[in-house]
Amino acid sequence: MSDLTTLLEVGGPVAALGGGAAYARAKHPAAYWSTVGLPVSTVRLLSTYGSVMEACGLTVAPSRLRVLAAKAMTRREVRPVPPRRGLLRPTTTGLRIRLRLAPGQEPADFAASAERLRHAWGVHAVYVTPVKPGVIELRLVGYDVLRRVRMPRKIADGFLKVPVALREDATPFVRDYRTIPHQLTLGATLSGKSMYLRHLLAGLAPQPVALVGIDCKRGVELAPFAPRLSALATDPEQAAELLPVLVKEMEDRYDLIKARQGIAPGTPDEEITSDIWGLSEQERPVPVVLFVDEVAELFLVATKKDEERRDEMVTQLIRLAQLGRAAGMYLEVCGQRFGAELGKGATMLRAQLTGRVCHRVNDEASAKMALGDIAPEAVVAACSIAPGRPGLAVAGDTSGGWSRIRTPYLSLTGAAETCRASAGMVPDLPALEPFRPDVPERPVEHAAPVVLPHPVTD
C-alpha cells in the first residue's frame, strides 16, 4: 500500500508536467521551444552528429595523412569524416550551425538530405543556405512559425523596403522595390491578398514616395487609404485617363536624366547616371508606386469602344513595366487570375513583372500563371495551400528561387490610421493633382444622449 501511495505521489507531478508540456507545445510553441525543445534538440544534435551525417551519406573518406596517423597510433578502423561544424547559435525559433564542406561536397547534397536531418534531430524543418564557397549554414526551425506569425523584432528595413511577411525559415520577407521593381500578386477570394496589400501600403505610407491606386471595384479596397494616395482611379474610365499621365510623368523623368547626361567630356563617371538614383537629392523626383487591384477588370471589354480603350491601357501598363524602373516608377499588380485568356498584351505584361506572390488559388492553371514560368516546382506548393490558412502564399522571382511566406494580421482600421497619420507625406506632383481622391472629414463624435426608461403600458 505504501508503494502505491509513493507511486501516486511521484506520478501525479510527472503526469502534470507532461500534460503541461504537451499543452505548451500545442498552444504556445515558441515558449515550448525555448524551455524544452531547444535543450533536447541541442543534445541530440551534438551526440548524434557524426552518425547522422554518415547515415545520410554526407561524410567523405579521410585524408591520407589522417589514415597514416591513425594506423600509426591505433589499430582501430578509420571511419569516414563528417563536415567540420562551427558553434551552435540558438535563436527564438530554432538553431543555426555553419558547416565547412569537405572536398567534393556541394550545398545540394545537404539540401537533398534536409528531410532526413529534420527527423534525426527532431525539429520542424531544416534549411540549407550557402554562405560562401565551401561554407553553408544549416537553419533548424523548431516549430511551425507560419501557424501563428510573429515578425522578428529587428528587421533591416529601409527606403522602399517593406517587411511584409514571414518566411517558413523564420526570416522576414522584405519587399524591396529597388531590387525587384515590379511584382504580380495572385490569390482567390479570402486568400489573404488584401492583407498583403495593406502591409505594403502601411509600410510605404511613412516614406517619401507617391502612392497611386487603380481599383476598379469602385475603390472598396484602396479607398480607406485615400488620405495617403496621390491619385486613385475607381473604374476603367478613370484608369484610362490616369495611365497616360503616369506615362507622361515617366517620359519627363527620362528627359531630366537625359539632360543630366549631356555633360562635357572629362566629367567623372560617378556624375553620369542612367536612372534617377544618380541624380542629386535636390533634383531627384520622388518614386511612384502604382497599385493595380483586380487587374482583370482593365482587360474586360463589352463593346468595340471598350476594346480600343483596353488596348491603350495595356500598352501603357507595359510601357511602365518596361521603362519605369529607371524613372523610379514601380508596379504592384494584383488579381485572381492573370493569363493569356485576358486578351492581347496580358502575357507580355506578366513577363515584365519580376516578383511573383501566389496565395491560395482555385485551380492549378492560376498557380501556373504566377509561378509556372519561373519555378515549376513551386506550383505544387501553391496548389497545396489550405483554405483555413489565409495569408499563406508562395513567393518567387525570376531567379527561380521560391519560399512559403505568411502575412501577419493587420486590421483595415490599423492600416487606414497609418495612412491617415502619414497624410502629410503626400508629395507635390501637379500632374496627379486632378486625380487626388477626396478625403471626407471625420464626423465630430458627440456624446450619446441619455435615454430615460419609459414605463411599460398596454
Side-chain angles (χ1 to χ4, degrees), residues 20-50 52-53 56 58 82-101 107 109-132 134-158 161-176 199 203 381 389 391-395 401-410:
Y23 176 81
R25 185 173 187 177
K27 300 296 183 180
H28 305 283
Y32 175 83
W33 168 255
S34 300
T35 56
V36 179
L38 178 60
V40 172
S41 296
T42 301
V43 172
R44 186 178 296 172
L45 189 151
L46 295 176
S47 60
T48 64
Y49 176 76
V52 168
M53 288 292 168
C56 294
L58 299 176
R84 190 171 62 184
R85 69 172 187 265
L87 297 176
L88 289 177
R89 291 181 293 170
T91 65
T92 56
T93 58
L95 286 167
R96 293 183 184 180
I97 180 173
R98 289 193 175 184
L99 305 181
R100 181 170 294 278
L101 303 183
D109 299 334
F110 292 82
S113 300
E115 190 67 15
R116 287 182 282 180
L117 296 176
R118 176 180 84 88
H119 288 286
W121 292 330
V123 293
H124 177 74
V126 176
Y127 300 96
V128 181
T129 304
V131 178
K132 59 183 180 179
V135 178
I136 63 172
E137 182 180 72
L138 296 184
R139 185 187 298 271
L140 282 65
V141 181
Y143 58 94
D144 186 5
V145 296
L146 299 184
R147 187 176 67 176
R148 186 179 301 170
V149 179
R150 292 184 178 180
M151 297 294 288
R153 295 180 179 178
K154 296 182 179 180
I155 301 178
D157 55 355
K161 294 181 180 180
V162 181
V164 68
L166 187 68
R167 297 181 187 270
E168 58 184 346
D169 61 354
T171 59
F173 174 74
V174 179
R175 176 72 174 95
D176 187 355
H199 277 273
R389 305 193 79 177
L392 190 63
V394 176
W402 63 276
S403 62
R404 293 181 180 87
I405 64 172
R406 193 176 188 188
T407 309
Y409 177 77
L410 176 62

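In what follows, every heavy atom counts, from backbone to side chain, and hydrogens, waters and symmetry copies are set aside. None of these values were measured; they are calculated from a predicted model. The first residue of the sequence shown is numbered 1, and numbering continues consecutively from there.
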| task | Would you mind reporting whether Trp121 and Val52 have side-chain heavy atoms less than 4.5 Å apart? | result | yes
| task | For Ser34 and Pro39, work out which heavy atoms get closest and say how close. | result | O-CD, 4.3 Å
| request: Taking all heavy atoms of Leu38 and all of Gly94, pick out the closest pair and write down the distance. | output: CD1-O, 4.2 Å
| said: When you compare the side chain of Leu117 with that of Cys56, does any pair of heavy atoms fall below 4.5 Å? | reply: yes
| query | Between Leu392 and Leu146, is any pair of side-chain heavy atoms under 4.5 Å apart? | reply | yes
| field | Step-by-step side chain to side chain contact (heavy atoms under 4.5 Å, CB included) determination, Val141 to Val145 | value | CA-CA 8 Å; Val141 181; Val145 296; 3.9 Å; yes
| note | Here the pair of heavy atoms bringing Met151 nearest to Ala165 is CE-O, 3.2 Å
| Just wondering, do Leu45 and Ile97 contact through their side chains at under 4.5 Å, heavy atoms? | yes
| request: Could you list all the salt bridge (Lys or Arg N to Asp or Glu O under 4.0 Å) pairs where at least one residue sits in residues 86-98, not counting sequence neighbours? | output: Arg89-Glu137, Arg98-Glu137
| Does Arg167 offer a backbone N or O that forms a donor-acceptor pair with the side chain of Thr171 under 3.5 Å? | no
| request: Apply side chain to side chain contact (heavy atoms under 4.5 Å, CB included) to the pair Val164 and Val174, showing each step before the final yes or no. | output: CA-CA 6 Å; Val164 68; Val174 179; over 6 Å; no
| note | In terms of heavy-atom contacts, Val128 and Leu138 come closest through CG2-CD2, 3.7 Å
| Can you name the salt bridge (Lys or Arg N to Asp or Glu O under 4.0 Å) partners of Arg175, sequence neighbours left out? | Glu332
| message | I'd like to know if the side chain of His199 and the backbone of Pro408 have a donor-acceptor N/O pair within less than 3.5 Å. | response | yes
| field | Beyond-backbone contact of Leu58 with Asp109, side-chain heavy atoms, under 4.5 angstrom | value | yes
| Heavy-atom pair of closest approach, residues Pro82 and Met53 | CB-CB, 3.9 Å
| query | With a cut-off of 6.0 Å (strictly less than), are more than 12 heavy atoms of other residues, nucleotides or ligands near CG of Leu46? | reply | yes
| query | Do the non-hydrogen side-chain atoms of Leu99 and Phe110 ever get within less than 4.5 Å of each other? | reply | yes
| task | Could you tell me which residues satisfy salt bridge (Lys or Arg N to Asp or Glu O under 4.0 Å) with Arg389, sequence neighbours excluded, listed by chain and number? | result | Asp144
| task | Go through the side-chain N and O atoms of Ser113 and Arg116 and say whether any donor and acceptor fall under 3.5 Å apart. | result | yes
| Does Ser41 reach the side chain of Trp33, with side-chain heavy atoms less than 4.5 Å apart? | yes
| said: Whether the side chain of Arg406 engages the backbone of Arg147 through a donor-acceptor N/O pair (distance < 3.5 Å, no angle test) should be reported. | reply: yes
| note | Rounded to the nearest 0.5 angstrom, the CZ-OG1 distance for Arg150 and Thr92 is 9.5 Å
| message | Which heavy atom of Pro172 sits nearest to which heavy atom of Pro152, and what is that distance? | response | CD-CG, 4.1 Å
| Hey, does Leu101 have a side-chain heavy atom less than 4.5 Å from the side chain of Ile136? | yes
